[in-house]
Structures are given as C-alpha cells and as structure tokens.
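Since the structure comes first, as structure tokens, the remarks are kept for the end.
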4 protein chains.
Amino acid sequence: MPPKRSATREPRQTRSMQTKQQILAAGTKLFTEKGFHQTNSNEIAKAAGVAVGSFYAYFKDKKTLFIEIMKVHYEEQFRFIELPEENLAGVDRRAMIHRLIKSLAELHNIAPEIHQEQYYLAHTDADIQALIDEWDQAAHALILSYLQRWLADGYLRVKDLDTAVRLFGTTVEENIHALKFSKAEVNETRVINELTDMLCRYLFVEEKNKKSA
Amino acid sequence: MPPKRSATREPRQTRSMQTKQQILAAGTKLFTEKGFHQTNSNEIAKAAGVAVGSFYAYFKDKKTLFIEIMKVHYEEQFRFIELPEENLAGVDRRAMIHRLIKSLAELHNIAPEIHQEQYYLAHTDADIQALIDEWDQAAHALILSYLQRWLADGYLRVKDLDTAVRLFGTTVEENIHALKFSKAEVNETRVINELTDMLCRYLFVEEKNKKSA
Amino acid sequence: MPPKRSATREPRQTRSMQTKQQILAAGTKLFTEKGFHQTNSNEIAKAAGVAVGSFYAYFKDKKTLFIEIMKVHYEEQFRFIELPEENLAGVDRRAMIHRLIKSLAELHNIAPEIHQEQYYLAHTDADIQALIDEWDQAAHALILSYLQRWLADGYLRVKDLDTAVRLFGTTVEENIHALKFSKAEVNETRVINELTDMLCRYLFVEEKNKKSA
Amino acid sequence: MPPKRSATREPRQTRSMQTKQQILAAGTKLFTEKGFHQTNSNEIAKAAGVAVGSFYAYFKDKKTLFIEIMKVHYEEQFRFIELPEENLAGVDRRAMIHRLIKSLAELHNIAPEIHQEQYYLAHTDADIQALIDEWDQAAHALILSYLQRWLADGYLRVKDLDTAVRLFGTTVEENIHALKFSKAEVNETRVINELTDMLCRYLFVEEKNKKSA
DNA sequence: TATGAATGAGGTTTCATTCAT
DNA sequence: GATGAATGAAACCTCATTCAT
C-alpha cells in the first residue's frame, strides 16, 4: 500500500522526530508524576513505547532529557507571555496586572511540577542553574519594561526599580506555584484577586488621591 | 519482651547522644551542600566519624534522618518567631512587619537549603508533606492572629483575611528564600525594605489619609 | 502502558532463555552444595557466567529463584511417577510397590538436597509451604488411587485408608531421603527391599492365608 | 536486707547459671519460632533480658548456642526413652512398640522445630552433623537391643537386622515429625495406631499362625 | 536506526562480634 | 561479670548505560 498523498501537503513528522517526541512526552509525564530521581530511563523508554537503546540514541543521558523538557516548557511559557508593550497610557493598569498573573497561572497548568523539579536540580547542577538564570533574566527584562513605561507615564510609586522587578517576579511566580500545589482547599479567584491588589497598591500611586486632586 | 523497634533509637546516655548529634550534624551539612539524593549513607557516617552501622542504629534510613533534621530546623524556627501578641495599639505597624520579615530572614541563615530540599521531597513523600502541612498551619495561625488584632484596631484594609494570610505567608517565605539563593548580586536591605512596603500598602489603610483627616 | 512487573521476566527469545537456564542451573548447583543461606546472589551470577543485574532481571530475588527450582524439580518428579492405574488384578503387588519405591529413589538422585532445603525454608516461608502442600496433595491422591484399586480387588488389609495414605507417603519419602543422606555406609538394595516388605505386610492380606483357604 | 536463709537448703542457681539458662531458653524459643538464620544474636539477648555482650560471654557464637540447645534437647529425649531391657518374654509386643512410639511423640512436643533445624544445619555444618550421627548411633543401638531380644525369643520375622533398625528408626522419627508439622488436620491417635500396626506386621511373625498352631 | 539483554559500579541495609566502660 | 554502643564486612538490589544483533 503506497502512502496516500493528499492534495494539501501534510507536514508529517519524520519517524525519528516522532520517536523523540514520544520520549519527551513520556519523560514529562513521569518526571512530573514521580520526580526526576524516582524515574528511571527504562521506565521512560517503556512509557514512550521504545527501547532503552533508542532513548540513548536521542538523549545523551537522563539529565539531558530533563533539560530539553525544561526548554520546551519555557518556550511554551514565553510564547504565552510575551505581550509586548503597547503605547497605551489610559489602559486600566489593574487589568494589565491581572491579565499578566492570569497568564502565568495558565502556564502552571502545563507542567507545574517541572518548575519545582528544576529548582531542586539546579542546586546541584550548574547546567540547569544556567538555564534558569537565563530565563529569570528574560522575565525580569519583561517586567522591567512594563515598570519603565508606567514610570514614564507617572503612575509608578516605587523608586527602586530593580528591586521591585525582583519582588514582582518572585511574588507572582511563587504565589501561583503555591496555589497550584497547596493541598488545602484554596480558591484560585480569591488568591489572584488579592495578589493583584497587593501588587497594584505596591506599584501604583493610589487612584483616590488622583481623583481627590 | 518483644523487640518493639521504634523508627529511631532514642538515647539518654551521653556518648550515645553525642553520636546521634554527630550524625545529625553531618547529615545537615551534606544534605545542604549536595542535596538528599546526591548524599549517601556511607558518606554521612564517614563525615560523622562513625561506622555505617551506627547510622542505622540511630536512624531507620536516610529519609528518617532527613525528617529529623527538618524537625530540628523547624523547632529552631519557631523558637525564634513566636513573638506573642502584645496589646499595643499605637505601635508602629511597619516596624512590626519589618521585624517579622527580618526574623524570618534570620532563620534562613541556619539551613536554607533544607527548606528547598524539603519542598522537593514533599512532592514524592507523604510523611514529609504531612510535616510541612503541620508547620504551614502553625505559621498561618500566627499570621492570622496578627491580622485579627490589626482588624480589631481598625488598621486593616484587606477584607479576605484567609486569603491574605496565605498571600502574606507565601510572599514573605519565598522572597526571603529567593534572596538567599539568588546567584545574582542582590542587596538584602533593599529587598527587605521593598517587601515591607509592599505588605504594608497591601494590608493597611494609608497613613496619609489619616493625617489629612 | 504501565510497567506491570511480573515477579519473573518470562523470556521467549533464545539468548534470554539460555541466560535464565544458566542461572537456574547455577542456582541448583549452589543451593545443593552449600544451602540457600550459604549462597549469595553474586555467587550465583558468577557461577552462571552472568552479571548480578541479569540475575535480578530474571528473578525478583533469591527466594524466587529457589521456588522456580523447586517447581522444575517437582515437575520432573511427576513426569517420572505418574503411572496411571491399569485394570490388572492379577499383577504382582509386591512388584508394584517395589517399582514405585524405586522410581521415587530415582528422583532423589536428581537434586536430593533441594528436598531438604525446601522443607527447611517452608517453615518460615508461606509461599514455599503452599507449593509443598500442593504437591503433597497430588502425591496423596496418587497413592490413594492405588489403595482404592487394591481395596476393590480385596487385597487390602488396612481399614483407615486416609491415614494409610499419609503413612505410606511419609514412610517412603523419608526413608529414601535418609538413604541418600546417610553418612553411614548403607546398602541401598537392602533398604529398598526391607521397605517394600514392610509396606506389603502392612497393606496386604498375607498370601499364605489365601493359599491355605 | 540480708538474704533470708530458709531452714531447708534451696539449691538456687548462681546468678551466672541463671543468665545462661535465660539465653538458652530465649534461643530455643526464637530458633523454634523463626529458625536459625532468621534469628539474630541481639534479638536473643534482648529476649533473654541480657546484653549482647553477655551472650558472647557465655557462648562463643550463635552456632555454639544452637549446638548447646541441641544437646539439652537430646539429653531430655534420652532421659525419656532409655527403657532398659527387661527379661520378659511374655510381654505384649504391640504394647511395647506402641509405648516406644508414644514416648517419641511426647518428645516432639518439647521443641519439634529444633529437630528440623538441626537436620538442615547439619548439611552445611560438620559439627552439627557429628552430633546427629552420635545420637543416631545411640538410638540405633537401643533399637537393635530390642530386636535382638525379640529375635532370641523367636518372635522376629525380619532377617536383615541392621537394615531393619535403620528402617524402624527413620520411619518412627519421620512419621512423628510429619504428624507434628502437618498443616492438614491429622488425627494423632489414628496415625500412631497405623504406624504401630505397620511396624508390628513388619517385625513380628503373625499371632494368628501361632494361635492356630 | 531500533532493539532489549547484559553489564557492574555503587547504593542501601543487616548483623555477628568486639570492647571500652 | 555485665553492659550496649560501635564496628565494618558482606549481603542485597537498582539502574544508568552499553553493545551485539
């Protein structure tokens, strides 16, 4: 049976790419469910439906697979986030912050445990640490660009921009993370609301004052 | 008399207690430097200057040692923190928040990596998760008692107390943690200042309004 | 597809089967020579000419290997023994008993120590006990079918068939076993002859009486 | 408080002997319950209520303890059995056999597992094997003396005395053992009856013939 | 490329025995 | 004598990785 060519070119993955994808998927699933150290390469291969040998044909070792997964995960993350600055001044700032937080929260639905695993492994692995640093810098640059715009427009209350960027980044990231991982019953909407409030009050001059002026 | 092996032998005598302390110290050091999975029992024993057999006489296994270290660490933490409520209404609230953050930061100087390790291991280990939950609840109770006092005194701006407690806890904890672990050059004083500002603006009605009134 | 680890990997391919056979052979040899507790897994692997890892790929643990050896041994045993009943009434009964004993003795030449080891391990291991019970029942059923035939033909002297079955089984089994293990010089032919006499006199009505009738 | 000397001298064991007895008792209990290899010296010491150090003060090693236990057990056995020959010719022979079997069965109530353990350990331990051989010889001598008496009195049917002795010893010993260890419901009285019948019919000329004469 | 059996270093844990007190 | 903490050789078992097919 010859391959049925359809009129529209279907960009099928080559067999090889497919295999690699299967391993990535299986790795993500297992690292996520059981953690890096609790998952072994035979298991990953089996879950991917390939032989261990193939695993090692595509990935130098287990760590390399993990790093590739991290990369995929972060690319996905930045694809979501990278809302470049618009020139709007009159835009509702609270809404912007809120949207930013929401999209971060969205991200964490993809593979929240990877984030955790990553931070853990970073502390004994320089390669992973380097990747994280790189991404942190990208995130900080993004936040900074927001703050600078607001500063230019006279809305910003904070003085120490660099520190504010850090604080913003960590606070959002970790509260979202806690939200996803808390065993306790937590209401997501309420947490995001309060978080938004906190950041707005911290960053911006109070609306009331303006109005009263 | 049946053997009745408890998870951990609990020594009264001095020599024995000393050995246990040595193992605890060595474990703390190594887990901290290289992480749980990168440290093995022989190594711990050697670092403690005892035979492996002694390790297993005092701790059922590596995990049990880790849990005991966590407990020691947390007890220390609570010894620092538990500043009971005073009845003062006129006290400087910013100063109180600042002090709270500072003491938390202090704590992290003891064994910051243990905290990280802990959260990591929790995600595949129910025993460790249980301990963390317990302590989180204690911390939340403490924060809540502060907020309720401020609420009673009419200083509090937030409505959703429960969520605010969570937000407060996570935000302080994680920013301090990030502070200690950031590879980048970070100025501790500045971070703590901004963090304090953020939390005050979030929690309290603005002073200016009062003054203007 | 979940891992679904069966206790023992069941190989189809030739190389793999060969390896398993080698391990079984080495295990049989060593358990036989030195006993279960005096033999360790590294040793077995080395004797089989494979790595320890392979040992554990094929057998969950040492006990599992032992159980498989038992099974092989017993299958062999039953292949020898299962002489189904014929309808002959006039057949020499002494000759039948003699043949039965001889074939049991034959069996014990295969791996006599395994039998001993087995009984020993049974007393602390339920799995092994279960296997032994199963085989005992099979053996008892076989003996019973002989006795019932002789009873029907009017040759049987004993009344309490169930007890006789037990007595017969144990007596043959253990005397053969003792024969094989006695350090003293024992003449096999003489023991088997006396054993045959004893069982015939116990089971059957005396020929002389018949003749005199 | 000075020791209260009673009028009658109470032959109290010295403290030292008492300790040794405790270890022997604990060893017997544990070897019996869990087997030699499944019992460790610390456990025995604890069960005996003494320190491990004391264990090794009284017994060179674990095996030595086992051998001492064996000896105690066998002495007890021979104290029961050694019914010296009487000169009686008219005594009921079946009753004698029956009594012999019964007393053997009695013995097995003391520490039946020791017997099993013993045979097992013998096969890798020469010292234990030597002891067993010694006792077997004693038992055989005893049985032989019975048979010779019956032979002299014209009651014996068997010709091959040496082999008969062996057969008798093994058959009684192992059937009693099986009786004690069978997991199945077995009626002790019935087994002992049949066993007695079997041995009588094997050994003795039939009564009926005599009577009819 | 794909396969999966085979490898063996290395980690975990036990326990018979010693020895300082 | 008694104690029991300490020892460390040796057993058990896992799993990242290789390599012959």
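Keep in mind the model is a prediction, meaning the values are calculated, not measured.
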Between F:dT3, E:dA2, E:dA6, which one does the side chain of D:A51 approach most closely?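 Closest nucleotide to the D:A51 side chain: F:dT3.
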Results of side chain to side chain contact (heavy atoms under 4.5 Å, CB included) for [X] - residues two or more places apart only:
X      : result
B:E117 : A:Y120, A:H123, B:F36, B:F66, B:L121
D:Y74  : D:Q77, D:F78, D:Q118, D:W135
D:T39  : D:L30, D:F31, D:K34, D:E43, D:I44
D:K29  : D:E33

Atom pair distance, as rounded to whole Å: NZ in D:K20 and P in F:dA2: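 That distance rounds to 12 Å.
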Would you say D:T19 places a side-chain N or O within less than 4.0 Å of OP1 or OP2 belonging to F:dA2?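 Answer yes for this pair, as a side-chain N or O of D:T19 is under 4.0 Å from OP1 or OP2.
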Contact summary for B:F55 and B:D61, nearest pair of heavy atoms: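 So the two residues come closest at CE2-C, 4.1 Å.
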Any side-chain donor-acceptor pair under 3.5 Å between D:Q129 and D:D133?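 The answer is yes; a qualifying pair exists.
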Any chance the side chains of B:Q38 and A:H37 put a donor and an acceptor closer than 3.5 Å?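 A:H37 and B:Q38 do have a side-chain donor-acceptor pair below 3.5 Å.
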Duplex segments of DNA chain E, taken as runs of at least three Watson-Crick or G-U pairs that stay under 3.5 Å: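 Stems for DNA chain E, defined as runs of 3 or more consecutive pairs: E:2-21 with F:2-21.
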Considering only nitrogen or oxygen atoms on both sides, find all protein atoms under 3.5 Å from nucleotides 9-13 of chain F and state each distance.
unit_1 : atom_1 : unit_2 : atom_2 : d
F:dC12 : OP1    : C:K62  : NZ     : 3.0
F:dC12 : OP2    : C:S41  : N      : 2.9
F:dC12 : OP2    : C:S41  : OG     : 3.1
F:dC13 : OP2    : C:Y56  : OH     : 2.8

When the nearest nucleotide of DNA chain E is assigned to C:V50 and to D:Q38 on a heavy-atom basis, which residue is associated with the more 5' position?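 This one resolves to C:V50.
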For the side chain of B:S54 and the backbone of B:V50, is there at least one donor-acceptor N/O pair under 3.5 Å apart?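 Checking the backbone N and O of B:V50 against the side chain of B:S54, no donor-acceptor pair under 3.5 Å is found.
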